[in-house]
Protein chains: 2
Amino acid sequence: MMDERRKAILRVVVEEYIETAQPVGSTHVARAPHVTVSPATVRNDMVALEQDGYLHQPHTSAGRVPTDKGYRFFVDTLVQPGPLDEDELQQVGSFFAKAHGALEEMLHDTSRLLSGLTDYASVVVGEPPEDATVRSVQLVGLGARHVLVVAVLSNGAVTKAHLELADEIGEGRLAAATTHLSRWLIGAVLGDLPPVPPSGDSLVDAAGAAAVSALRSAAHRPDPEQVFVGGASRMAAAFDAVDSVRRVLGILEQQYVVVGLLRGVLDRGLSVAIGGEHGVESLLECSVVVAPYEVEGEVAGAIGVLGPTRMHYPKALAAVAMVSQRLGRRLSDDA
Amino acid sequence: MMDERRKAILRVVVEEYIETAQPVGSTHVARAPHVTVSPATVRNDMVALEQDGYLHQPHTSAGRVPTDKGYRFFVDTLVQPGPLDEDELQQVGSFFAKAHGALEEMLHDTSRLLSGLTDYASVVVGEPPEDATVRSVQLVGLGARHVLVVAVLSNGAVTKAHLELADEIGEGRLAAATTHLSRWLIGAVLGDLPPVPPSGDSLVDAAGAAAVSALRSAAHRPDPEQVFVGGASRMAAAFDAVDSVRRVLGILEQQYVVVGLLRGVLDRGLSVAIGGEHGVESLLECSVVVAPYEVEGEVAGAIGVLGPTRMHYPKALAAVAMVSQRLGRRLSDDA
DNA sequence: GCTGGCACTCGATGCTATCGAGTGCCGGAC
DNA sequence: GTCCGGCACTCGATAGCATCGAGTGCCAGC
């Protein structure tokens, strides 16, 4: 039975708790504008909200704290991604106005921007380049049996892989292999590379095969050079137990967990995972706000913000939405 | 007046404090083996050590804590880089046995290894590739006026830069520019690229000039893709004030500060900066242990460990020395 | 159904007493 | 002279205790 008054009360509790990190009492709630009833009435409703699982009482004679369910309701029905402040808008604007340089640099800076806007940790992940096409392939010798494959993709990324061949291969053969591969691979979609027919030279074919298999495996995992985590130090400020900080940092250091996290949450568009919802045990006290960004209509990656469950959702939602949209637009008109 | 007994006392205080993080009292010291005098005598010596600036007393009636000067003396004259444990040695061994893949991957994993060994944050930085020679240069078009220069260097690194040209340039012209640049740049030392003579085509020359200048500027700054900071979460465990953690993390996030820090400390070989010695204000409570690694006789980068001033120096020194040596050897026989 | 009133809870705060690890110093022994 | 035992003293840490007050639940009355 969630009538308007209870919604209002829940909203005040959540907002107040996000601000102060202190359990919120009935008197505080009653003093808020838009709540016109007395503390006693608020108390009655709070009991109901607690029974329904939206609020929690740390101990008798303490105020109430939102549960994950409470935050969820708040995010789903009580909050519209409030607009950004004037100067934050300007910050985003001027960032994208002067952003330049390579894709990686841009994603990296975007991560800093997001942390700066929200004061939480931020994550920026490029999608695996399955749909990108190959613009260039080259084999470069580094020593007797060591070869580097370097491929430039249509999205501006550069994939490289280190090959160790069974036999030595000379410069001439490498050049031949490069030419041969280029003929068959340039223009192909990375996630669906065509078979490369034999060239008649077994050494060339061996190198080619190694290169193709390296590229194939690069197609399906996000380039580790396109995963950026920023603002971890800001997380420290949000928690007061050193131990929590340690746990969260530990997760942020494991890029594959972070990438999985974003993937998991990113069902459709802008979304939020609160507390336990994302299923990463060490991040029970954290929420994640994520949005994909699209380059020329295709999802090209995701950006997100990781903060405490009591994060400032309206602001985080607004920032993530804004930045993902601008980033996508920026990367589109650039290509 | 630093006689043998005082050295022994200082050593015990430092070792004890590193272990327990508690001020060390005279009774504790007197109980240690190798100290054969009574607590009273220890106290007298402690007063002297304090007057000479090696120890500090947080307050009357507390034990003594080493000062930076005390740690310095400890590191310089009381400690020989103790050998690693058996299983740590094995850990390093098996790491380098199965290490493989591209340069960046290797450096990244090395950073993890170091954090794992020491339980502190670790930093791995590749040197700016000034001395590397160019193995391959290529220009790849990404859109009307956008071009990517990709150069492969003799050290296995791949440098790329994004160019925005004044005029559109077609595929044919780009290929011509690539050929032209290759003729003049392949084999050249990156830090001392020769002038590229005009080709007779102004568009080609414009692209070439832009590419060369991008490469030149890449020569002198360490590739941001070759800076790896790992194990930040382990720092959190070493401090108990959230605020300290925050400060240190903030620094670790600023790669240029970290790089500068390593540079500054890296006078000659294995070295240590304690507390204030490295001149980074937010890291007053931290020490850094650094060593260069050499590939084929040339310094190719540096690795280091960042921990609290009360870090376990013998272990850190041993780990850094061992890993830098093995890393260098590994990268040498590979090339 | 809302509200004011009221007794009750319980963490937080502050005070005091006590404890004990540690110190400095002094006077005596080797 | 150097070392050591003894002793009074300091002072942070810990524990106990009273107090405070924000907050609650409940009930009777409007």
Side-chain angles (χ1 to χ4, degrees), chain A residues 1-67 70 240-241 310, chain B residues 1-10 12-67 70 240-241:
Chain A
M1 222 60 65
M2 191 64 122
D3 59 18
E4 285 308 315
R5 198 178 62 205
R6 287 195 186 151
K7 286 188 193 174
I9 291 174
L10 179 55
R11 153 179 260 133
V12 174
V13 172
V14 172
E15 287 176 347
E16 196 76 11
Y17 184 70
I18 283 174
E19 193 119 350
T20 64
Q22 300 292 329
V24 183
S26 54
T27 339
H28 264 287
V29 175
R31 262 204 288 275
H34 299 285
V35 176
T36 53
V37 293
S38 76
T41 312
V42 171
R43 281 201 287 278
N44 289 330
D45 282 345
M46 279 174 144
V47 172
L49 285 168
E50 185 166 10
Q51 277 168 350
D52 291 350
Y54 295 102
L55 294 180
H56 167 74
Q57 198 173 19
H59 53 94
T60 346
S61 98
R64 301 308 209 286
V65 164
T67 60
D240 41 28
R310 46 170 278 272
Chain B
M1 221 64 64
M2 191 64 124
D3 59 18
E4 284 309 315
R5 198 178 62 204
R6 287 194 188 156
K7 286 187 192 174
I9 291 174
L10 179 55
V12 175
V13 172
V14 173
E15 287 175 347
E16 196 76 12
Y17 185 70
I18 284 173
E19 194 120 348
T20 64
Q22 300 293 330
V24 183
S26 54
T27 338
H28 263 288
V29 175
R31 263 205 288 274
H34 300 283
V35 175
T36 54
V37 293
S38 77
T41 313
V42 170
R43 281 202 287 278
N44 287 330
D45 282 346
M46 279 176 145
V47 172
L49 284 168
E50 185 166 8
Q51 277 167 352
D52 291 351
Y54 295 101
L55 294 180
H56 168 72
Q57 199 174 19
H59 54 100
T60 346
S61 98
R64 301 308 208 289
V65 164
T67 60
D240 41 28

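None of the values given here were measured: they were computed from a predicted structure.
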**Message:** Quick one, B/Met46 and B/Leu55 - any side-chain contact, counting heavy atoms below 4.5 Å?
**Reply:** yes
**Donor-acceptor pair present, B/Thr60 side chain and D/dT10 base, under 3.5 Å** = no
**Request:** Measure from CD on A/Glu16 to P on D/dA22 and round the result to the nearest Å.
**Result:** 15 Å
**Message:** As a test of reading the structure: which of C/dA21, D/dG6, D/dG25 is closest to the side chain of B/Ser61, going by heavy atoms?
**Reply:** C/dA21
**Message:** Tell me whether the side-chain N or O atoms of A/Ser38 pair up with the base of C/dT3 as donor and acceptor below 3.5 Å, since no angle test is needed here.
**Reply:** no
**Fill in**
Against the side chain of A/Arg43, the closest entry in C/dC25, D/dC3, D/dT24 is D/dT24
**Message:** Rounded to whole Å, how long is the line connecting atom CD of B/Glu4 with atom C1' of D/dC3?
**Reply:** 18 Å
**Complete:** Atom CD of B/Glu50 and atom P of C/dT23 are separated, to the nearest Å, by 10 Å
**Prompt:** In whole angstrom, what separates A/Gln57's CD from D/dG23's P?
**Reply:** 11 Å
**Prompt:** Would A/Glu16 and A/Glu19 count as a side-chain contact (heavy atoms from CB on, under 4.5 Å) if you check the C-alpha gap in whole Å, the side-chain angles of each, and the deciding distance to 0.1 Å?
**Reply:** CA-CA 5 Å; A/Glu16 196 76 11; A/Glu19 193 119 350; 5.7 Å; no
**Request:** Figure out the CD/C1' separation between B/Gln22 and C/dG20, and round it to whole Å.
**Result:** 14 Å
**Prompt:** Whole Å only: how far is the NE2 atom of A/His59 from the C1' atom of C/dC8?
**Reply:** 15 Å
**Item:** A/His28 NE2 - D/dT24 C1' separation (whole Å)
**Value:** 15 Å
**Prompt:** Which pair of non-hydrogen atoms, one from B/Gln57 and one from B/Arg64, has the smallest distance, and what is that distance?
**Reply:** NE2-NH1, 3.6 Å
**Request:** State whether the distance check finds a donor on one side and an acceptor on the other, under 3.5 Å, for side chain B/Arg64 versus base C/dG24.
**Result:** no
**Request:** Could you tell me whether the side chain of A/Ser26 and the main chain of A/Arg43 form a donor-acceptor pair under 3.5 Å?
**Result:** no
**Prompt:** Quick one: A/Asn44 CG to C/dC2 C1', roughly how many Å, whole number?
**Reply:** 9 Å
**Message:** What's B/Ala40 touching, base or sugar-phosphate or nothing? Going by heavy atoms closer than 4.0 Å.
**Reply:** base
**Request:** Answer yes or no: does a side-chain N or O of B/Ser26 lie under 4.0 Å from OP1 or OP2 of C/dG22?
**Result:** no
**Prompt:** Where each residue is assigned the nucleotide of DNA chain D containing its nearest heavy atom, which of B/Arg5 and A/Pro23 is assigned the position nearer the 5′ end?
**Reply:** B/Arg5
**Fill in**
dist B/Thr41:OG1 -> B/Arg5:CZ (nearest 0.5 Å) comes out at 6.0 Å
